[in-house]
Each structure stands twice: as structure tokens, then as C-alpha cells.
Amino acid sequence: MKIAFVGKGGSGKTTLSSLFIRHLAATGAPVVAVDADINQHLGPALGLDDEQAAELPAMGARLPLIKDYLRGANPRIASAETMIKTTPPGDGSRLLRLREQNPVYDACARPVELDGGAVRLMVTGPFTEADLGVACYHSKTGAVELCLNHLVDGRDEYAVVDMTAGSDSFASGMFTRFDMTFLVAEPTRKGVSVYRQYRDYAHDFGVALKVVGNKVQGQDDIDFLREEVGDDLLVTVGHSNWVRAMEKGRPPRFALLEDANRSALRTLQDAVDATYEHRDWDRYTRQMVHFHLKNAQSWGNARTGADLASQIDPDFVLREEAVATA
């Protein structure tokens, strides 16, 4: 199951995504966590110190390896250089599974121990001073989008992505890659502004969207969020001494997280798991093709010097029983 956490900067989406990742790890489920935010804070939120976080391998810096591996023996893709962030898989492509070991995970993922469990953590890499004025951050998150396009995930296994703040992810088709999108919103007018943008896009593309109210202090805050977002409000989260200790770098055992917040995390997981029966791999694949054609026409063909529409395999549908090439 693929889950995104989105919200405006400062909403607490990284904190909540890290709590959800810890919750899933505590259940023993296989988890791949991805930091796709321009501000790389997920590693520290999962307990890494600054030095450990800085040593995480950047997916954006390993894009040629990722492309070459995923291309596999797909005859429609002449070279890794002609792959762009939206390139969909086809017959002969290599696919990714959460439970396997493969060269992409070897190069880009590192295990993070969480109270006896472990998750794989992948990061896009920071936007550096050398990138200023010459690079777009989507060139880094493109590695995440390619991996999601080639990911075959099933029930009771989870890919959790901490997305860029605001509505920035609409610049690509990545916002359609998820079974569930959790929008973290504070009980303020600014806090719900990103929700309105996401709501409209989500409706147009059939994206499952639920709001998690954060920094809620009382019934008035809950009433405000309910008035602004309606039935999309799934659950609210208030002050947490456990989170405060975590943010100081001294997290207690996760089992000591407050009961109300543990219950909220179970509610998030229940909402994710409930989407399994509604998965539509045909639509998922059509959306990949839709955004690939848009990007090809907008800039991809000119950038690569190739007709990227020819990369589309009309007979291929990504689904759980798809078989990856060796």
C-alpha cells in the first residue's frame, strides 16, 4: 500500500509520517519510507543524528542506476538516457517489490532500527547550493516517481512518502501514485488552504484523500476543521509529550506514546487498509500513461531527442501478479 503525507510547511506532516512509520514497524509490517520533501527531515524524525542523516545516499544522485535497472530488457526504451520521471513500465521492465532485495535498494535504501523493528529509508537528497539557479527539485523527486511507477505492492506492506510541502507535487503525476493521501492540516485558515487545492485535484483523478487535523487544542479546533473540510476529516491529533521528547532527540520507547495518539495512528492504518479492496490497477496504469504523454509533449521529447510516446506498451497493466524480469 502506498501512502503520501502532504500539507503546508510547518503543518507537522513529517512528524506525523514518522509516527505512522514507527506504528507500522511496530506491527512487524514491511515498510519502505521515502523522504521526498525539499527539506530532508524524515531521517532525524526517525531517530537519526545529523551525521547519520547526512550520510544517507541521495536517490537523485543515483538516477542513472535507477533508470538502467528499471529499464531492464524493455525493448521500447532504447536507453536509460531516454527515460524521464514519468516513464511507465512495460513488457521487459524490472519491477520493484517492498520485501525484496535489489540493486535500487542496495544503492539508495538504508535500514533504520525502530524499537526492535526496522524500516528501509530512502531520501531524494537535499537541494544543494550547487543546484541553485541551474536545477529543478523535480529532477530529484523524479527518482521517487520512477520507483513508484515500477512498484508492485500488496496488502499489509507499506511505502510511506513524506511529500514536498504545499501543492508542489501537482507539477508531476506523483500525486496520483498513492492508495491514500493524508493531508495534515492545522486548525487555521492557512492550514486548510492546501486542502482545497488537493481536494479538487484528488476528485478529478480519483485520489483517496483524508485530512489529519494536527495541533488541535480543543473542541473549537475540531469544529473549525469539520466546518472547513467536512467528512474528509479523518482524525485529529493534539499535544504529545512523546513527540516533544523525540524532537529533542530523546524519544522514549514507542510503546509509551499517548493512548489517544496511538489510537489515531491505528485509525490511519485502518483507512489505508480499507482502500485495498478498491484498487484499480487499470486506472493506475492509465494515469501513468496520461502524465507521461503530457511530460513528453511539454519537455521530454525535446530534452531526450526521442519520441517518448513510443515507450508506452499498450498491452501492459501494472498489477500485483506482474512478473519482473531477472
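- Here Asp68 pairs with Arg71 in a salt bridge; the nearest charged N to carboxylate O distance falls below 4.0 Å.
- Between Arg99 and Glu157 there is a salt bridge, with a side-chain nitrogen of the basic residue lying less than 4.0 Å from a carboxylate oxygen of the acidic one.
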**Asked** Going through the checks in order, is the salt bridge (charged side-chain N to carboxylate O under 4.0 Å, His left out) test met by Asp221 and Lys215?
**Response** CA-CA 9 Å; Asp221 286 345; Lys215 305 179 185 179; over 6 Å; no
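- In this structure, the side chain to side chain contact (heavy atoms under 4.5 Å, CB included) partners of Glu81, at least two apart in sequence or on a different chain, are Ser79.
- Expressed to the nearest 0.5 Å, how far CG of Leu265 lies from OG1 of Thr27 amounts to 11.0 Å.
- Heavy atoms from other residues, nucleotides or ligands lying under 6.0 Å from CZ of Arg303 number 12 at most.
- Looking at Lys13 and Asp162, a side-chain N of the basic residue comes within less than 4.0 Å of a carboxylate O on the acidic one, giving a salt bridge.
- A donor-acceptor contact shorter than 3.5 Å is absent between the side chain of Ser298 and the backbone of Lys294.
- Note on ring orientation: taking the six-membered ring where Trp is involved, the planes of Phe182 and Phe5 are tilted (angle from 30° to 60°).
- Checked by atom type and distance alone, the side chain of Trp242 pairs as donor or acceptor with a backbone atom of Arg253 at under 3.5 Å.
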**Request:** Output, in order, the C-alpha distance, side-chain angles, deciding distance and verdict of side chain to side chain contact (heavy atoms under 4.5 Å, CB included) for Asp153 and Arg97.
**Result:** CA-CA 6 Å; Asp153 54 308; Arg97 295 183 182 273; over 6 Å; no
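- The side-chain tip of Arg279 does not point at the ring of Tyr284 from less than 6.0 angstrom away and within 45° of straight on.
- Ring orientation note: the planes of His290 and Phe205 are tilted relative to one another, at an angle of 30° to 60°.
- Defined by atom type and a distance below 3.5 Å, a donor-acceptor pair is missing between the side-chain atoms of Ser11 and Glu186.
- Note that CG of Asp232 is 9.5 Å distant from CZ of Arg226, once rounded to the nearest 0.5 Å.
- Of the possible polar contacts, none joining the Lys2 side chain to the Ala159 backbone as a donor-acceptor pair under 3.5 Å is found.
- Every side chain to side chain contact (heavy atoms under 4.5 Å, CB included) that Asn74 has, sequence neighbours left out, goes to Arg76, Ile77, Ser93.
- Side-chain atoms of Asp223 and Gln219 form a donor-acceptor pair, as typed in the model, at a separation below 3.5 Å.
- For the 3.5 Å distance criterion, the side chains of Gln217 and His239 fail to qualify, holding no donor opposite an acceptor.
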